Amino acid sequence: MVKKLKLLSLVLIFVLCFLLTGCGNEKVLSCSKTEEDSGLSMKQTVDVTFQDDKITNVKMSVDSKAVDDDIKENWSYFVSILDGQFQETDAAGIRLTKDNNEDDYTYTIVLDVDLETANEEDLADYDLDSIVGSDETYDSIKEQAEDDGFTCK
């Protein structure tokens, strides 16, 4: 289970760094990926908004759901690890929220970044400062995401 939590953290960081480096013309790139491993189903969704050839907003959601009894029996431990790794925040332009539904064993993390109002220092705290001024394109990001197993539209 610890392996899965580390994987979740790495996937979150990778997807954010990976998909947040681009530009385009008033488009929204929506990508999703669902995986199941070690009794946990995880759906990752990323919406990247482009305007005037630059990213203006990124919203990422990771929905985890226990699909076997071992995870359900240790749900509070799983939640405590995620709660420790991801702190809720509502800084200017950056909002991270968490939702734990113990009744159906689901845990959702949502990161919403408004690049027009977030400052570089706050972006650096999330290792997202590299997206400012990137020359990646909508199409190149889509191709990279699909190569990584995401379905994009």
Side-chain angles (χ1 to χ4, degrees), residues 3-67 71 78-79 81-83 85-153:
K3 177 183 170 189
K4 186 63 178 177
L5 295 175
K6 287 181 182 178
L7 177 62
L8 175 64
S9 297
L10 290 173
V11 167
L12 176 65
I13 291 168
F14 175 77
V15 169
L16 286 172
C17 293
F18 185 73
L19 292 177
L20 299 177
T21 58
C23 54
N25 289 325
E26 299 179 1
K27 297 180 182 178
V28 175
L29 176 63
S30 296
C31 300
S32 63
K33 180 179 182 177
T34 301
E35 299 175 304
E36 189 172 319
D37 188 27
S38 302
L40 193 63
S41 175
M42 204 171 44
K43 180 177 182 180
Q44 303 163 51
T45 308
V46 179
D47 295 321
V48 182
T49 304
F50 297 83
Q51 186 172 14
D52 299 327
D53 296 326
K54 67 176 189 169
I55 296 175
T56 58
N57 188 274
V58 177
K59 185 172 185 178
M60 179 180 177
S61 175
V62 178
D63 299 306
S64 302
K65 181 172 178 71
V67 293
I71 299 292
F78 173 77
V79 169
I81 291 172
L82 287 178
D83 280 345
Q85 290 181 344
F86 301 101
Q87 300 300 314
E88 287 190 309
T89 188
D90 197 2
I94 299 175
R95 183 171 185 182
L96 187 139
T97 59
K98 302 180 287 188
D99 181 45
N100 172 30
N101 185 329
E102 294 178 12
D103 295 332
D104 67 356
Y105 302 101
T106 59
Y107 191 93
T108 302
I109 300 169
V110 177
L111 179 64
D112 194 352
V113 180
D114 179 349
L115 295 173
E116 296 179 328
T117 57
N119 68 48
E120 287 191 43
E121 184 177 313
D122 289 337
L123 289 170
D125 288 343
Y126 289 90
D127 200 22
L128 301 175
D129 52 328
S130 65
I131 64 175
V132 177
S134 172
D135 60 357
E136 293 283 340
T137 66
Y138 175 100
D139 291 331
S140 69
I141 292 172
K142 181 179 178 188
E143 182 179 337
Q144 291 172 10
E146 289 174 343
D147 288 346
D148 194 42
F150 283 81
T151 300
C152 298
K153 54 181 179 169

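Computed from a predicted model, the values in this text were never measured in an experiment. We count residues from 1, following the sequence as given.
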Partner residues of Asp47 under the salt bridge (charged side-chain N to carboxylate O under 4.0 Å, His left out) criterion, sequence neighbours left out = none
Asn101/Thr108 under side-chain contact (heavy atoms from CB on, under 4.5 Å): CA gap, chis, key distance, verdict = CA-CA 9 Å; Asn101 185 329; Thr108 302; over 6 Å; no
Side chains of Leu115 and Val113: closer than 4.5 Å at any heavy-atom pair?
-> yes
Is there a side-chain contact (heavy atoms from CB on, under 4.5 Å) between Val46 and Gln44 once you walk through the steps?
-> CA-CA 7 Å; Val46 179; Gln44 303 163 51; 5.7 Å; no
Check whether any side-chain heavy atom of Phe50 lies under 4.5 Å from a side-chain heavy atom of Thr56, and answer yes or no.
-> no
Hey, does the side chain of Lys33 reach the backbone of Asp148 with a donor-acceptor pair shorter than 3.5 angstrom?
-> yes
Working for side-chain contact (heavy atoms from CB on, under 4.5 Å), residues Glu35 and Leu40 = CA-CA 8 Å; Glu35 299 175 304; Leu40 193 63; over 6 Å; no
Decide whether a cation-pi geometry holds between Lys27 and Tyr138; the criteria are a distance under 6.0 Å from NZ or CZ to the six-membered ring centre and an angle within 45° of the ring axis.
-> yes
Given side-chain hydrogen bond (donor to acceptor under 3.5 Å, both in side chains), test Asp83 with Tyr107 step by step and report yes or no.
-> CA-CA 10 Å; Asp83 280 345; Tyr107 191 93; 2.5 Å; yes
Does Lys43 use its side chain to pair, donor to acceptor, with the backbone of Ser32 at less than 3.5 Å?
-> no
Taking all non-hydrogen atoms of both residues into account, name the closest pair between Val62 and Met42 and its distance.
-> CG1-CG, 3.7 Å
To the nearest 0.5 Å, how far apart are CD1 in Ile71 and OG in Ser38?
-> 7.0 Å
To the nearest 0.5 Å, tell me how far Ile94 CD1 sits from Asp122 CG.
-> 5.0 Å
Step-by-step side-chain contact (heavy atoms from CB on, under 4.5 Å) determination, Ile55 to Val48 = CA-CA 7 Å; Ile55 296 175; Val48 182; 3.8 Å; yes
